[in-house]
Amino acid sequence: MTLTKIRTWCHLLVLPILTVLLLSAPASSSASDRDDKDDKAADIVAKAPKGEPLEVVVTSRGADGAPVISTVLADTRTQAVDLVARALDRSSTIGAEMDHRVSIDAYNDTHRSQQWALDALKGETVNQSTKGGGIKVAVVDTGVKSSHSDLSGNVLSGRDFVTPGTPANDLNGHGTHVAGIIAALANNNRGIAGLAPRAKILPVRVLDRNGSGSSADVAKGIIYAADQGAKVINLSLGSSSSSTAMQSAVSYAISKNRLVVAAGGNRGCGLLGAPTEYPAAYSGVVGVGAVSKSISRSSYSSCGSWIDVVAPGDGIISTMINNSVGLGCSSSANYCKISGTSFASGYVSAAGALAIAERGWGQATVARRLESTAQDLEASGKDRNTGSGFINPLKLINP
């Protein structure tokens, strides 16, 4: 039996002994219990995406309470079932699953001729009180172009989980676009202004050049961001498949008083509603839908119980890399207009950063006030289309 790849993460410590434990840990349960675990393991492996490597993700509980996210690439389905079954048999295991793809939540639409979102959010007025100075916002995404002139000095050194050991540079453009929405420089006679122009961006690269990545890497990125002191963690990405690893990482971040904001998805409503979007649907996460310039729900914005608030998402102009991939931008663009709940999520993260900077509130208070101060748009109270409504940063920071 050979293992072609083993990757383990927990507070930057490599735990090579885990693979041995996964493969050789003695079973402590009865034969019937073992049969049940084998059946459950077989069901888990059966959900592995077709055509994708058989990568088993095990989430266990570390000595300090932090989730330990470990991945093992199996050669065969039989080996994958055995790995999952043995992991489930260990008392420290929170969950075992097959890795699956997570992708950006971008949607190409007609470009706008101005930065309407800041007008709608009264950005300049809010910034008279606070610009988000001193607040670290993690952009868990495709990376960020730190050398962009409109982000100069606002991007910290982060981590690349796609190509470990290299800077978290953006080869897609999506993460750079989100970063500009949050913290592009203001009043510098160029480009655009972010809603929180003095916040600092912590780039965490978990998605590749094509805007796709593994649920395990996303989970590791969230844990890293929480441990690095990011007060806000922006997740402009999503999947219709839940993940124990991602859910455990989100819970860990929230336990450390981090505001977690996630895109609500670009699948629209439809007759039967949209598929549930993760991580937006996890408890404690602020799930974000998108609205157009008319402050009405964008047609692509997913509907569901996980939508807590909405924010500008149509024709959002922001910073961009040259030669972006799949975003509809020109190859020489330094700025680009794109639509999607990804970018609405960026505005909510920026609003959260402003509230934390101005009031020093914790995660729970900011999350609650984002909803309680929002402008109701559709059915009275919270609804599946626009949640509690359109965010109001000015009311948010002024109790």
Side-chain angles (χ1 to χ4, degrees), residues 1-11 13-103 161 206 212-223 237-252 275-279 281-283:
M1 181 181 295
T2 60
L3 298 179
T4 56
K5 180 169 63 175
I6 302 170
R7 292 179 293 154
T8 305
W9 166 260
C10 177
H11 297 287
L13 297 180
V14 177
L15 304 177
I17 193 172
L18 178 63
T19 303
V20 177
L21 292 173
L22 282 174
L23 291 173
S24 60
S28 59
S29 55
S30 66
S32 61
D33 287 344
R34 179 67 190 189
D35 288 342
D36 289 342
K37 287 186 173 65
D38 286 344
D39 290 343
K40 185 176 180 180
D43 289 341
I44 290 172
V45 175
K47 296 177 182 177
K50 293 182 179 179
E52 294 288 335
L54 292 169
E55 192 159 21
V56 177
V57 182
V58 178
T59 305
S60 55
R61 192 173 295 101
D64 60 356
V68 181
I69 312 299
S70 306
T71 60
V72 182
L73 189 63
D75 293 326
T76 65
R77 285 186 174 269
T78 299
Q79 186 186 35
V81 170
D82 185 59
L83 286 167
V84 172
R86 290 181 179 277
L88 292 175
D89 209 28
R90 293 181 55 78
S91 60
S92 62
T93 297
I94 298 173
E97 61 204 326
M98 301 306 294
D99 204 1
H100 60 268
R101 307 307 288 173
V102 178
S103 58
F161 287 92
V206 298
S212 178
S214 76
S215 55
D217 281 348
V218 173
K220 294 172 187 177
I222 295 169
I223 295 170
L237 45 79
S239 171
S240 59
S241 298
S242 184
S243 159
T244 300
M246 282 201 297
Q247 187 171 15
S248 296
V250 164
S251 296
Y252 174 69
T276 304
E277 192 80 1
Y278 301 97
Y282 293 137
S283 177

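- Considering only residues two or more places apart in sequence or on other chains, S240 meets the side chain to side chain contact (heavy atoms under 4.5 Å, CB included) condition with R267, P275.
- When every heavy atom of V102 is checked against every heavy atom of G238, the shortest pair comes out as CG1-O, 3.6 Å.
- With sequence neighbours left out, S243 forms a side-chain hydrogen bond (donor to acceptor under 3.5 Å, both in side chains) with E97.
- Closest approach of P67 and T59 over heavy atoms only: CB-CG2, 4.1 Å.
- Within the 4.5 Å cutoff, the side chain of T76 has no heavy atoms near those of the L54 side chain.
- A heavy-atom distance below 4.5 Å is not found between the side chains of V58 and V72.
- Checked against side chain to side chain contact (heavy atoms under 4.5 Å, CB included), S91 has no partners two or more places apart in sequence or in another chain.
- The two atoms that bring V84 and A96 nearest to each other are CG1-CB, 4.0 Å, heavy atoms only.
- Looking only at side-chain heavy atoms (C-beta outward), I44 and L88 come within less than 4.5 Å of each other.
- When side chains are defined from C-beta on, S248 does not count as touching I223, because their heavy atoms never get closer than 4.5 Å.
- Annotation: side chain of V57 is not in contact with side chain of M98 (no heavy-atom distance under 4.5 Å).
- Atom CG in D217 sits 7.5 Å away from atom CG in D99 (nearest 0.5 Å).
- Summarising the geometry, atom OG belonging to S214 is positioned 9.5 Å from atom CE belonging to M246; distances are rounded to the nearest 0.5 Å.
- With rounding to the nearest 0.5 angstrom, the CG atom of L237 is 11.0 Å from the OG atom of S215.
- Checking S242 against Y282 by side-chain atom types alone, a donor-acceptor pair falls below 3.5 Å.
- F161 CZ to I69 CD1: the interatomic distance, rounded to the nearest 0.5 Å, is 11.0 Å.
- At a threshold of 4.0 Å, the pair D43-K47 does not count as salt-bridged, since none of the basic side-chain nitrogens sits closer than that to a carboxylate oxygen.
- Rounded to the nearest 0.5 Å, atoms CG (L83) and OG1 (T71) are 11.0 Å apart.
- Contact detail for R101 and S212: the closest heavy-atom pair is NE-OG, 3.2 Å.
- Residues satisfying the side-chain hydrogen bond (donor to acceptor under 3.5 Å, both in side chains) criterion with R61, sequence neighbours excluded, are absent altogether.
- Listed by chain and residue number, E52, H100 satisfy the side chain to side chain contact (heavy atoms under 4.5 Å, CB included) test with P49 (two or more places apart in sequence, or in another chain).
- Taking S92 as the reference, nothing meets the side-chain hydrogen bond (donor to acceptor under 3.5 Å, both in side chains) condition, with sequence neighbours excluded.
- When atom types are taken as modelled, the side chain of T93 and the backbone of A87 share a donor-acceptor pair closer than 3.5 angstrom.
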